[in-house]
Amino acid sequence: MDDNLKVLVNLSTLKKGGGQNVALNFLHALENVHVKNTKFFFLVAEGSPIHGLLKSHNMFDFHAVSQNPIKRILFEIFSSGKFLRESKIDIIYSYFGFGLFDKDIPQVSGSADSNLYFPEIDFWEGYHGISRIKKSIIDNYRIWGLKRSNAVIYENKSLELIGRDLFSVKRSVTIKPSINFNFESISCQFLNNLHSNIPVGLFLCGWQLNKNYMKIPDIALLIKRRNQDFHFVLTAPLDNSKEHLAFMKRLKDLGVEEMVSVIGPVNKSKLKSLYSRIDIVFLLSKLESFSNNIIEAWYFERPLIVADEMWSREICQNAAVFVNRNSVKGIVDAIENMTNQVDKLVMRGKVELEKYPTIEERIVLEMEFVRDVYQNN
């Protein structure tokens, strides 16, 4: 008789980006973790790197579904039942989001969509027409999923507390994220073009207005007016999108083009090289559930300037300089005052870093919670 708890880990929504990297780390680490009396099954996006890893390693039982969200949802509603019955699944862990599976099978969801928890903030500022309607539909579906989940796993305690109050989340837990620190040392060629005696600030983000990248030209202008030297590096794509073109026009209009480099996305293999040349890491988001930028800054011993918000206070504690994200003067003052704080911030960052689990430790915490939800459902 098989007494194992049969867990379906639903990774089917993860096709690219940070979520996919988290899932890949999960799978690699799971090979080396013994989760007592548990058998794993996986639902993955067809043709994704996650799918490729499972096929090549022959590690676990899995089923691949279409990357098309409509086809995936139709599978969940009409076809997943057969797979769930044949595999005798006891509980589902949807790593991010919620799946439309048989409601008789308990489901634990991971939630990292910080905008859902602050409805008073127009997170999709700049989106109009059909694009905005699509974002609204997706957000409402995610909220519905949170309410229907048997339990929710958060990465940020402040979001968990809001979720209980705002969405009447039945049961929840906060488990700090884990980070894979196996960084390669491939060089970033663009770094050779920077003057070695000019301090550099990093915005590691794309063209998402929430990241507040549009403040960079104004910050650069005030620094220039104060006769200071500084250079900004932004990793947004060189895609000639309307956001890209608007940013470059703003730089030109203010006459600070020479102070900013837009270099495009940086592969993880080049992050070590990137951070080695950076003096300050900026994170001026209005909302985040969590950001690897914070962990990476602490790991590579770089000081942080972050938006003074609820989420950032919860994550960073005293290991960052907090600024009003809309105050150009406040941000420039923080840059100028950084010299005397670097050692203190680096030390505090190391202390905070010790509080985070390894990938293996996080898997154990997740599965202990999933098992407890099943046993007490």
Is the number of heavy atoms from other residues, nucleotides or ligands within 6.0 Å of [atom1] ([X]) greater than 12?
X	atom1	value
K170	NZ	yes
E354	CD	no
K355	NZ	yes

Residue pairs, two or more places apart or on separate chains, that pass ring pair (Phe, Tyr, Trp, His ring centres under 6.0 Å) and touch [range]:
range	value
residues 67-91	H63-F75, H63-F83
residues 217-273	W207-H244, W207-F247, Y213-F247, F230-F232, F232-F282
residues 353-377	F290-Y356

Under a 4.0 Å N-O cut-off, is there an ion pair linking [X] with [Y]?
X	Y	result
K350	E301	yes
K39	D61	yes
R313	D308	yes
K249	D253	yes

Intermediate values then yes/no, side chain to side chain contact (heavy atoms under 4.5 Å, CB included), F60 and L30: CA-CA 10 Å; F60 305 102; L30 192 56; 3.6 Å; yes

Contacts of type ring pair (Phe, Tyr, Trp, His ring centres under 6.0 Å), residue F322, not counting sequence neighbours: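 So F322 forms no ring pair (Phe, Tyr, Trp, His ring centres under 6.0 Å) with any residue.
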
Qualifying side chain to side chain donor-acceptor pair (under 3.5 Å) pairs with a residue from residues 334-349, counting only residues at least two apart or across chains: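 Residue pairs with at least one partner in residues 334-349: R226-E336.
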
Hydrophobic cluster partners of V169 (side-chain heavy atoms under 4.5 Å):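 Same cluster as V169: L116, Y117, F118, I121, F123, W124, Y127, I143, L146, V152, Y154, L159, I162, L166, F167, L287, M310.
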
Members sharing I138's hydrophobic cluster (side chains within less than 4.5 Å):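 Reading the cluster by chain and number, I138 sits alone, since nothing else belongs.
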
ILVMFWY network linking M259 to L284, side-chain heavy atoms under 4.5 angstrom: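 Shared cluster, yes.
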
Residue pairs, two or more places apart or on separate chains, that pass salt bridge (Lys or Arg N to Asp or Glu O under 4.0 Å) and touch residues 359-377: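 Output for this query lists R171-D372, R362-E366.
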
All pairs passing salt bridge (Lys or Arg N to Asp or Glu O under 4.0 Å) where residues 258-267 contributes a residue, at least two apart: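 Matches after skipping sequence neighbours: K224-E258.
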
Any donor-acceptor N or O pair under 3.5 Å, side chains S285, E288: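 There is such a pair (donor and acceptor under 3.5 Å, judged by atom type) between the side chains of S285 and E288.
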
Residue list, salt bridge (charged side-chain N to carboxylate O under 4.0 Å, His left out) with E76, at least two apart or on another chain: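 Per chain and number, E76 pairs via salt bridge (charged side-chain N to carboxylate O under 4.0 Å, His left out) with R72.
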
Qualifying residues under salt bridge (charged side-chain N to carboxylate O under 4.0 Å, His left out), relative to K329, sequence neighbours excluded: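 Result, salt bridge (charged side-chain N to carboxylate O under 4.0 Å, His left out) vs K329: D333.
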
With sequence neighbours excluded, residues passing side-chain hydrogen bond (donor to acceptor under 3.5 Å, both in side chains) with K134: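 Expected list: none.
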
Identified side chain to side chain donor-acceptor pair (under 3.5 Å) counterpart of T174 within the set E155, K157, E160: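 It is E160; the other options fail the test.
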
